[in-house]
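Here the structure is laid out as structure tokens; the discussion comes afterwards.
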Amino acid sequence: MSTAPDTGPAPLAYARDTGVHPPLDYPGYRSTALRHPKRALRLLPHLLTEVTGPLLGEDRISETDNDLTRQHEGEPQGQRIIVHGQVRDGDGRPVPHTLVEIWQANAGGRYRHTGDNWPCPLDPNFTGVGRTLTDDQGRYRFTTIRPGAYPWRNHDNAWRPAHIHFSLFGRAFTQRLVTQMYFPGDPLFFQDPMWNSIPDEKARERLVARFDYANTAPEWALAYEWDIVLRGREATVFEDEVDED
């Protein structure tokens with residue numbers, strides 16, 4: 001007699017919107033050839049432990065977690081910026097109390113990571129990671145440094161446009177979405193395969209923040225507004241978790 005738990009009906013095939021999301025194997029983005037799945041994706045049933053936690057409450061977040069310019073004794077180098085926005089569902093409703101995490105390169109385009117060793121100095125006053133919870137209206141806010149572009153050897157003279165990585169957690173760690181926010185008018189979009197692999201031009205534009213002069217802090221920081229939509233026709237394009245460049 002089988003002792004396997006009853007997990008309900010067989011999982012459905014995962015439906016990927018190929019008109020919006022990039023193909024899993026995109027020749028222009030070389031590393032996808034080695035790490036894209038070879039079989040059709042399938043939805044897996046979630047058990048109790050996957051749907052109930054662990055959760056990160058407000059008491060686990062410190063005062064400086066969303067201010068990447070105050071996490072060390074000195075000021076980091078570069079242009080100080082405020083990045084803020086709202087997380088919404090497909091019906092336009094705000095998504096409150098969602099954990100939003102970011103990570104990014106410093107002003108020179110270098111990550112504090114052992115795998116990043118291109119000849120650009122590390123900033124001792126900038127770690128490049130932050131987190132916060134959305135408020136009752138689904139709004140989030142970070143103070144940070146505008147990241148620089150960096151080379152990444154994907155193709156001849158390859159440079160990543162300036163960007164900030166975003167991760168959003170739902171009610172459990174299995175409910176995680178990852179994406180990138182870009183800056184308006186970046187001259188490097190034309191040669192970036194991650195950007196160009198998104199077939200829908202409108203979907204690409206939804207990854208670009210809006211310069212927000214009204215929320216610029218005088219003599220302190222420029223501001224950018226970027227809303228994140230979790231699903232529906234206006235959904236933000238999310239990526240595989242392994243796409244961390």
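One is the number of the first residue; the rest follow in order along the sequence.
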Can you tell me how far [atom2] of [Y] sits from [atom1] of [X], rounded to the nearest 0.5 angstrom?
X: L207; Y: Y182; atom1: CG; atom2: OH; result: 6.5 Å
X: L168; Y: I102; atom1: CG; atom2: CD1; result: 11.5 Å
X: R35; Y: Y29; atom1: CZ; atom2: OH; result: 4.0 Å

Will you find, in the side chains of S167 and R176, an N or O donor that is under 3.5 Å from an N or O acceptor?
yes
We want to know whether R160 and Q180 form a side-chain donor-acceptor pair, criterion being a heavy-atom distance below 3.5 angstrom.
yes
Acceptor/donor pairs from residues 117-124 side chains to any protein atom, 3.5 angstrom cut, sequence neighbours excluded:
residue: W118; atom: NE1; partner: G109; partner atom: O; Å: 3.2
residue: D123; atom: OD1; partner: N125; partner atom: N; Å: 2.9
residue: D123; atom: OD2; partner: Q77; partner atom: N; Å: 2.7

Hey, mind stepping through V178 and F238 against side-chain contact (heavy atoms from CB on, under 4.5 Å) and telling me if it holds?
CA-CA 5 Å; V178 177; F238 296 98; 5.8 Å; no
Tell me whether M181 shares a hydrophobic cluster with V208, the cluster being built from Ile, Leu, Val, Met, Phe, Trp, Tyr side chains joined at under 4.5 Å.
yes
Do V129 and I82 sit in one hydrophobic cluster, given that two such residues count as connected whenever their side-chain heavy atoms are within less than 4.5 Å of each other, even indirectly?
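Per the 4.5 Å side-chain linkage, V129 and I82 are not co-clustered.
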For E73, what residues pass the salt bridge (Lys or Arg N to Asp or Glu O under 4.0 Å) criterion, not counting sequence neighbours?
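E73 satisfies salt bridge (Lys or Arg N to Asp or Glu O under 4.0 Å) with no residue once adjacent residues are dropped.
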For R146, give me all partners under salt bridge (Lys or Arg N to Asp or Glu O under 4.0 Å), at least two apart in sequence or on another chain.
none
Contacts of [X] that satisfy side chain to side chain donor-acceptor pair (under 3.5 Å) - sequence neighbours left out:
X: H36; result: none
X: S62; result: D65
X: R93; result: D89, D91
X: T69; result: D67

Non-hydrogen side-chain atoms of L133 and V100 separated by less than 4.5 Å
no
Hey, are the side chains of Q71 and T127 touching, using non-hydrogen atoms and a 4.5 Å cut-off?
yes
Show, in sequence, the C-alpha distance, side-chain angles and deciding distance for Y111 and H165, and conclude whether the side chain to side chain donor-acceptor pair (under 3.5 Å) test is met.
CA-CA 12 Å; Y111 289 94; H165 297 270; 3.0 Å; yes
Work out which heavy atom in [X] is nearest to a heavy atom in [Y]; give both atom names and the distance.
X: G28; Y: N154; answer: O-ND2, 2.7 Å
X: V237; Y: P22; answer: CG1-CD, 4.2 Å
X: R131; Y: L99; answer: CB-CD1, 4.2 Å
X: A162; Y: P147; answer: CB-O, 3.4 Å
X: H72; Y: F126; answer: CD2-N, 3.7 Å
X: P76; Y: L68; answer: CG-O, 4.4 Å

Side-chain donor-acceptor pairs under 3.5 Å in residues 195-203, sequence neighbours left out?
residue: N196; atom: ND2; partner: F189; partner atom: O; Å: 3.2
residue: N196; atom: ND2; partner: F190; partner atom: O; Å: 3.1
residue: N196; atom: ND2; partner: D192; partner atom: O; Å: 2.9
residue: S197; atom: OG; partner: P193; partner atom: O; Å: 3.2
residue: S197; atom: OG; partner: M194; partner atom: O; Å: 2.9
residue: D200; atom: OD1; partner: K202; partner atom: N; Å: 2.8
residue: D200; atom: OD1; partner: A203; partner atom: N; Å: 3.3

Hey, does the side chain of T134 reach the backbone of T98 with a donor-acceptor pair shorter than 3.5 angstrom?
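Looks like yes, one N/O pair under 3.5 Å.
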Between the main-chain N or O of V229 and the side-chain N or O of T236, is there a donor-acceptor pair closer than 3.5 Å?
yes
Sorted by chain and number, sequence neighbours left out, ring-ring contact (aromatic ring centres under 6.0 Å, His included) with F166 holds for Y140, W226
Quick one: ring-ring contact (aromatic ring centres under 6.0 Å, His included) partners of F183, sequence neighbours excluded?
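Per chain and number, F183 pairs via ring-ring contact (aromatic ring centres under 6.0 Å, His included) with Y224.
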Check the pair T143 / N66 against side-chain contact (heavy atoms from CB on, under 4.5 Å), numbers first and verdict last.
CA-CA 6 Å; T143 301; N66 72 333; over 6 Å; no
Under the side-chain contact (heavy atoms from CB on, under 4.5 Å) rule, what do I81 and I145 come out as? Steps first, then yes or no, please.
CA-CA 6 Å; I81 60 173; I145 296 296; 6.0 Å; no
Pairs touching residues 104-120 that satisfy salt bridge (Lys or Arg N to Asp or Glu O under 4.0 Å), sequence neighbours left out:
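Sorted result for residues 104-120: empty, none.
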Please walk me through it: do R80 and E75 pass salt bridge (Lys or Arg N to Asp or Glu O under 4.0 Å)?
CA-CA 10 Å; R80 202 179 292 110; E75 287 273 352; 3.4 Å; yes
I would like to know whether R88 and Q86 meet side chain to side chain donor-acceptor pair (under 3.5 Å); could you show each step before the answer?
CA-CA 6 Å; R88 299 193 295 269; Q86 186 183 43; 3.2 Å; yes
Apply the test side-chain contact (heavy atoms from CB on, under 4.5 Å) to residues V83 and I164: give CA-CA distance (whole Å), side-chain angles for both, the deciding distance (0.1 Å), then the verdict.
CA-CA 10 Å; V83 178; I164 298 176; 4.2 Å; yes
Got a sec, which pairs hit side chain to side chain donor-acceptor pair (under 3.5 Å) with one end in residues 206-221, sequence neighbours left out?
H84-D212, R210-E225, D212-N215
With a 6.0 Å cut-off on ring centres, are Y150 and H163 close enough?
yes
